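Bear in mind that the values here come from a model prediction, so they are computed numbers and not experimental data. We use all heavy atoms of the structure for the numbers below, so side chains are in, but hydrogens, waters and symmetry mates are not. Counting starts at 1 for both ligands and their atoms, in listed order.
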Amino acid sequence: MRLKDKVALITGGAQGIGRDIALAFAKEGADVVIGDINLEKAMRVEQEIMALGRKSLAIELDVTSSVKVEEEVNKILDKFKKVDILVNNAGITKDNLLLRMSDAEWDAVLAVNLKGTFNCTKAASKIMIKQRSGKIINIASIIGIMGNPGQANYSASKAGIIALTKTTAKELGSRNINVNAVAPGFIQTDMTAKLPEELKEKMRGAIPLGKFGSCADVANACVFLASEESSYITGQTIVVDGGMVMA
Ligand code: NAP
């Protein structure tokens with residue numbers, strides 16, 4: 001077991017990629033807190049984790065509120081006595097072409113994806129600095145590297161996450177805290193299932209491995225970054241995209 005008795009907080013862990021990360025961590029021996037805006041769905045994942053024999057806690061968490069994040073992270077510390085791993089996974093899209101994009105669409109995406117990552121990192125790193133250990137994993141996207149029409153807000157938020165990852169890694173490295181990002185490509189989730197078949201076929205053609213990724217593909221990279229196997233890696237972005245984007 002690569003994460004035996006570690007305590008992890010996964011934001012947006014009630015469904016999709018976050019849920020898979022939570023279950024993968026539990027299978028590797030971690031106790032997992034699911035922080036999600038949707039408490040009911042988070043509680044279902046809590047049950048799934050407990051069925052694997054690990055401790056779990058579902059909390060209602062809106063990552064956009066720094067006050068709420070600080071309160072909830074302190075409650076986690078009270079209950080579990082430490083926070084070893086933070087996965088900043090909560091993310092939303094509100095797509096529109098630049099000229100049609102409203103202030104509200106821009107602000108909402110930046111608030112959840114980028115400010116949410118900042119809020120949770122700040123609250124958890126206070127604890128990790130005292131522990132002199134920690135792993136922070138930020139879920140970015142290849143859109144933050146390559147851009148995408150209709151996603152000015154999303155691409156800027158994800159590029160911001162990649163830059164924030166580097167700065168945080170530089171600030172926290174001396175305290176034995178690793179900060180890395182995972183940039184998924186086209187991953188099969190409820191969100192991507194809704195795209196037209198024609199578009200999906202076109203996208204598949206642009207992927208050297210010729211297939212879409214699964215939530216488990218992203219979760220596997222996160223397990224590696226949360227484990228001691230990656231202890232000399234920090235400030236990096238691991239791209240999980242079947243080869244769509246190559247540096
Ligand atoms: P998802 O299925 O929509 O799950 C995201 C979860 O975050 C949902 O449970 C959502 O709740 C929750 N959430 C939304 N706003 C929140 C907030 N303010 N505070 C806390 N939780 C909040 O998304 P996903 O497809 O699994 O994506 C997970 C991450 O991977 C995101 O950061 C996304 O940008 C990134 N990503 C995904 C793909 C892909 O192909 N799916 C590709 C690249 C990157 P509600 O459902 O109630 O809103």
Side-chain angles (χ1 to χ4, degrees), residues 9-24 33-46 48 58-73 86-95 105 107-121 123 137-148 151 153-162 164-165 181-195 199-200 203-204 206-207 211-222 237-242 244-245:
L9 166 61
I10 323 280
T11 71
Q15 67 177 48
I17 291 171
R19 172 179 166 273
D20 266 56
I21 297 169
L23 293 174
V33 180
I34 311 296
D36 201 285
I37 204 156
N38 190 322
L39 182 61
E40 208 181 302
K41 274 192 288 177
M43 286 170 77
R44 282 187 229 141
V45 182
E46 177 194 67
E48 290 182 272
I59 55 172
E60 189 177 344
L61 182 70
D62 179 355
V63 296
T64 64
S65 161
S66 57
V67 174
K68 179 82 175 153
V69 165
E70 178 103 26
E71 270 174 28
E72 292 303 325
V73 168
L86 165 67
V87 183
N88 285 305
N89 166 78
I92 61 167
T93 52
K94 288 197 186 294
D95 297 352
E105 286 165 339
D107 290 345
V109 170
L110 270 290
V112 177
N113 300 8
L114 189 54
K115 179 127 191 284
T117 299
F118 164 73
N119 287 339
C120 296
T121 299
I137 302 163
N138 298 326
I139 306 300
S141 167
I142 55 164
I143 303 306
I145 300 170
M146 61 190 264
N148 200 26
Q151 293 198 305
N153 48 4
Y154 186 77
S155 61
S157 74
K158 294 298 186 178
I161 286 175
I162 292 170
L164 179 63
T165 300
V182 173
F186 194 107
I187 304 300
Q188 274 175 309
T189 59
D190 291 352
M191 186 179 82
T192 50
K194 288 175 207 144
L195 294 173
L199 178 66
K200 284 201 263 188
M203 293 188 80
R204 203 179 279 118
I207 301 172
K211 58 181 180 182
F212 299 141
S214 66
C215 293
D217 291 323
V218 181
N220 287 337
C222 293
T237 298
I238 297 187
V239 177
V240 180
D241 71 344
M244 252 180 117
V245 172

- Query: Can you tell me if Lys158 has a non-hydrogen atom under 4.0 Å from ligand 1?
  - Reply: yes
- Task: Assess Ala42 for proximity to ligand 1: is some non-hydrogen atom of it under 4.0 Å away?
- Result: no
Where on [X] is there a heavy atom closer than 4.0 Å to ligand 1, on the side chain, on the backbone, on both, or on neither?
| X | value |
| --- | --- |
| Ile187 | both |
| Lys41 | side chain |
| Ala140 | backbone |
| Ile92 | side chain |

Starting from [atom], find the nearest protein heavy-atom neighbour and note its residue, name and distance.
| atom | answer |
| --- | --- |
| atom 48 (O) of ligand 1 | Ile37 CG2, 4.3 Å |
| atom 31 (C) of ligand 1 | Asn89 O, 3.2 Å |
| atom 2 (O) of ligand 1 | Gln15 NE2, 2.7 Å |
| atom 18 (N) of ligand 1 | Asp62 OD1, 2.9 Å |
| atom 41 (N) of ligand 1 | Thr189 OG1, 3.2 Å |
| atom 11 (O) of ligand 1 | Asp36 OD1, 3.4 Å |
| atom 27 (O) of ligand 1 | Ile17 CD1, 4.0 Å |
| atom 23 (O) of ligand 1 | Gly91 O, 4.6 Å |

Any atoms of ligand 1 less than 4.0 Å from a non-hydrogen atom of [X]? List them with their elements.
| X | result |
| --- | --- |
| Gly16 | 26 (O) |
| Gly185 | 40 (O), 42 (C), 43 (C) |
| Ile139 | 29 (C), 30 (O), 35 (C) |
| Tyr154 | 33 (C), 34 (O), 35 (C), 36 (N), 43 (C), 44 (C) |
| Ser141 | 43 (C), 44 (C) |
| Thr192 | 40 (O) |

- Carefully, step by step, assess Ile137 and Ile21 under the rule side chain to side chain contact (heavy atoms under 4.5 Å, CB included). CA-CA 11 Å; Ile137 302 163; Ile21 297 169; over 6 Å; no
- Query: Relative to atom 19 (N) of ligand 1, which among Ile143, Ile161, Val63 owns the nearest non-hydrogen atom?
  - Reply: Val63
- Query: Does a sphere of radius 6.0 Å around CZ in Phe118 hold more than 12 heavy atoms from other residues, nucleotides or ligands, not counting ones at 6.0 Å or beyond?
  - Reply: no
- Query: Quick check: are there more than 12 heavy atoms from other residues, nucleotides or ligands sitting under 6.0 Å from NZ of Lys94?
  - Reply: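 Not buried by this count: 12 neighbours or fewer within 6.0 Å.
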- Message: Side chain or backbone, does Gly18 bring an N or O within less than 3.5 Å of an N or O on ligand 1?
- Response: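 No, Gly18 has no N/O under 3.5 Å of an N/O on ligand 1.
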- Query: Taking N or O atoms only and a 3.5 Å limit, does Leu61 qualify as a polar contact for ligand 1?
  - Reply: yes
- Message: With no hydrogens and no angle check, just 3.5 Å: does a side-chain donor-acceptor pair link Thr117 and Asn138?
- Response: no
- Query: Taking only residues two or more places apart in sequence or in another chain, which ones pass side-chain hydrogen bond (donor to acceptor under 3.5 Å, both in side chains) with Ser155?
  - Reply: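 Scan of Ser155 (side-chain hydrogen bond (donor to acceptor under 3.5 Å, both in side chains), adjacent residues dropped) gives none.
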